[in-house]
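Keep in mind it's a predicted model, so treat the numbers as computed, not measured. Residue numbers start at 1 and run along the sequence shown. Just the heavy atoms: all of them, side chains too, but no hydrogens, waters or symmetry mates, feed the values below.
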Amino acid sequence: LRNALSYASKIDTISDVGSSTRNVQLATNGLNQLIDGQFEFACQNFFSIDEIKDNFILAPEDVATYATLCALATGTHQTIQTRILDSAQFKRYFENVPEIRQLAQWFVENRFGDFLTLLLSLKPSFELDVYLSNNINQLVSLIIEKIIVCYCSSFDNIDMKAMSMLLNLPLEDLERVVVYLIGKNALSARVDMQSKVIYSNVENSIDNTYDTILKLGQTHGRDMRRGLLKCSVFEHGFTIKATEAEVMNTHESYIVSSGMN
């Protein structure tokens with residue numbers, strides 16, 4: 001890989017290179033970023049590979065696996081749907097790894113229990129991959145965290161015992177991840193450890209709307225009272241005259257200001 005990276009870096013200095021050479025560069029950069037834990041950038045490089053020929057540095061199923069795992073860890077549902085599931089190119093890549101496409105499909109469909117069962121069953125094989133082995137635990141953790149955040153966003157109160165069974169995760173692991181996500185402000189919620197319930201800190205949109213209307217009404221009422229008071233003052237001929245001392249101070253300030261100019 002070190003020789004490939006050196007080769008790819010030299011390609012960057014060349015303005016006009018062929019498609020096959022550019023694909024080698026994209027694959028090499030993607031592998032380097034995968035190893036370094038830069039999963040989002042790795043994903044973009046794998047997506048940009050437009051053709052895989054014989055003797056390419058990666059097999060089609062490798063590109064499909066690496067791109068899908070990185071997208072599951074860092075991408076949105078829409079990205080996974082459009083760049084992976086709807087891609088005719090990736091459809092060919094998935095021919096030898098249909099289980100990887102199944103992962104993407106179940107994730108988009110929010111079938112998180114089936115998804116995690118399949119993901120964890122595939123993890124031992126990922127640990128044997130030379131490029132995935134060092135970071136597969138981080139990738140899986142990121143994916144699980146995303147699933148938990150997505151699941152919690154749909155409910156106000158969540159029974160962690162039921163959630164644990166649904167996601168096929170041990171309750172202790174689920175508690176640990178939830179507390180971690182709350183601690184880093186990735187999940188807006190609080191946990192009752194005794195009753196094993198997650199309470200989402202969801203803003204009440206109706207209350208917020210009422211508060212906004214009330215504040216607008218108060219501001220409008222204050223402006224109306226000011227306007228009516230001014231009208232009443234003018235109608236009755238009321239004026240507020242300055243005292244002689246205030247007039248003298250104003251006059252002196254004007255003279256000083258004129259002198260300075």
Side-chain angles (χ1 to χ4, degrees), residues 34 36-44 68-85 102-124 126-127 132 134-219:
L34 175 62
D36 287 345
Q38 303 177 45
F39 304 127
E40 186 173 358
F41 295 112
C43 185
Q44 294 304 320
T68 300
L69 289 175
C70 290
L72 290 170
T74 63
T76 63
H77 280 59
Q78 183 177 2
T79 298
I80 296 169
Q81 181 68 52
T82 57
R83 300 300 300 271
I84 295 178
L85 295 175
Q102 188 67 76
L103 276 177
Q105 187 69 49
W106 279 344
F107 183 88
V108 169
E109 294 175 355
N110 292 335
R111 293 176 57 180
F112 296 138
D114 294 332
F115 170 87
L116 286 176
T117 299
L118 178 57
L119 177 64
L120 295 177
S121 70
L122 294 173
K123 186 181 175 184
F126 295 151
E127 291 172 343
L132 281 175
N134 289 335
N135 285 324
I136 187 58
N137 288 331
Q138 184 182 1
L139 275 168
V140 171
S141 294
L142 289 172
I143 293 170
I144 291 176
E145 290 171 12
K146 183 194 287 189
I147 287 175
I148 291 175
V149 171
C150 182
Y151 186 90
C152 290
S153 65
S154 303
F155 304 97
D156 292 340
N157 303 324
I158 305 167
D159 185 340
M160 281 198 290
K161 294 179 181 179
M163 183 177 176
S164 171
M165 295 179 61
L166 181 66
L167 298 182
N168 295 321
L169 285 175
L171 181 59
E172 295 78 11
D173 293 345
L174 178 60
E175 290 177 359
R176 176 180 51 79
V177 176
V178 168
V179 171
Y180 169 74
L181 290 172
I182 294 174
K184 72 171 189 175
N185 295 323
L187 180 62
S188 179
R190 54 190 176 85
V191 180
D192 185 338
M193 285 299 187
Q194 186 172 1
S195 61
K196 306 297 183 184
V197 175
I198 303 172
Y199 296 97
S200 298
N201 297 331
V202 181
E203 293 185 359
N204 192 317
S205 59
I206 297 178
D207 289 345
N208 290 339
T209 301
Y210 284 151
D211 290 340
T212 301
I213 294 173
L214 180 60
K215 291 178 181 178
L216 289 174
Q218 291 173 342
T219 301

Applying side-chain contact (heavy atoms from CB on, under 4.5 Å) to C150 and H77, what does each step give before you reach the verdict?
CA-CA 11 Å; C150 182; H77 280 59; 4.2 Å; yes

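Residues I182 and R190 have side chains not in contact (no heavy-atom distance under 4.5 Å, counting atoms from C-beta outward). Side-chain contact between E175 and V191: absent, with no pair of heavy atoms (C-beta onward) separated by less than 4.5 Å. A 4.5 Å side-chain heavy-atom check between K146 and I143 finds every atom pair outside the cut-off. Between M193 and V179, the closest side-chain pair of non-hydrogen atoms falls below 4.5 Å. For the pair E109/D114, no side-chain contact is recorded, criterion being any heavy-atom separation below 4.5 Å from C-beta on. For the pair K123/N137, a side-chain contact is recorded, criterion being any heavy-atom separation below 4.5 Å from C-beta on. At a threshold of 4.5 Å between non-hydrogen side-chain atoms, the residues L174 and I148 count as touching. Counting heavy atoms from C-beta outward, V140 and F126 have side chains that stay 4.5 Å or more apart.
Listed here is the closest heavy atom pair of L139 and C70: CD2-CA, 4.3 Å. Listed here is the closest heavy atom pair of F112 and F107: CE2-O, 3.8 Å. Across all non-hydrogen atoms, the minimal contact from G113 to N168 is O-ND2, 3.1 Å. Looking at every heavy atom in both residues, A104 comes nearest to T68 through CB-CG2, 4.2 Å. Taking every heavy atom of both residues into account, I80 and A71 meet most closely at CD1-O, 3.9 Å. Closest non-hydrogen pair, L103 versus L119, comes out as CD2-N, 3.7 Å.
Side-chain atoms of N157 never come within 3.5 Å of backbone atoms of V197 as a donor-acceptor pair (strictly under, hydrogens ignored).
Remark: F41 CZ is loosely packed, at most 12 non-hydrogen atoms of other residues, nucleotides or ligands lying under 6.0 Å away. Under a cut-off of 6.0 angstrom, the local environment of NZ in K161 is sparse, with at most 12 non-hydrogen atoms contributed by other residues, nucleotides or ligands. The environment of Q138 atom CD is dense: over 12 non-hydrogen atoms of other residues, nucleotides or ligands sit within 6.0 angstrom.
If you take CH2 on W106 and CG on L118, they are separated by 5.5 Å, rounding to the nearest 0.5 Å.
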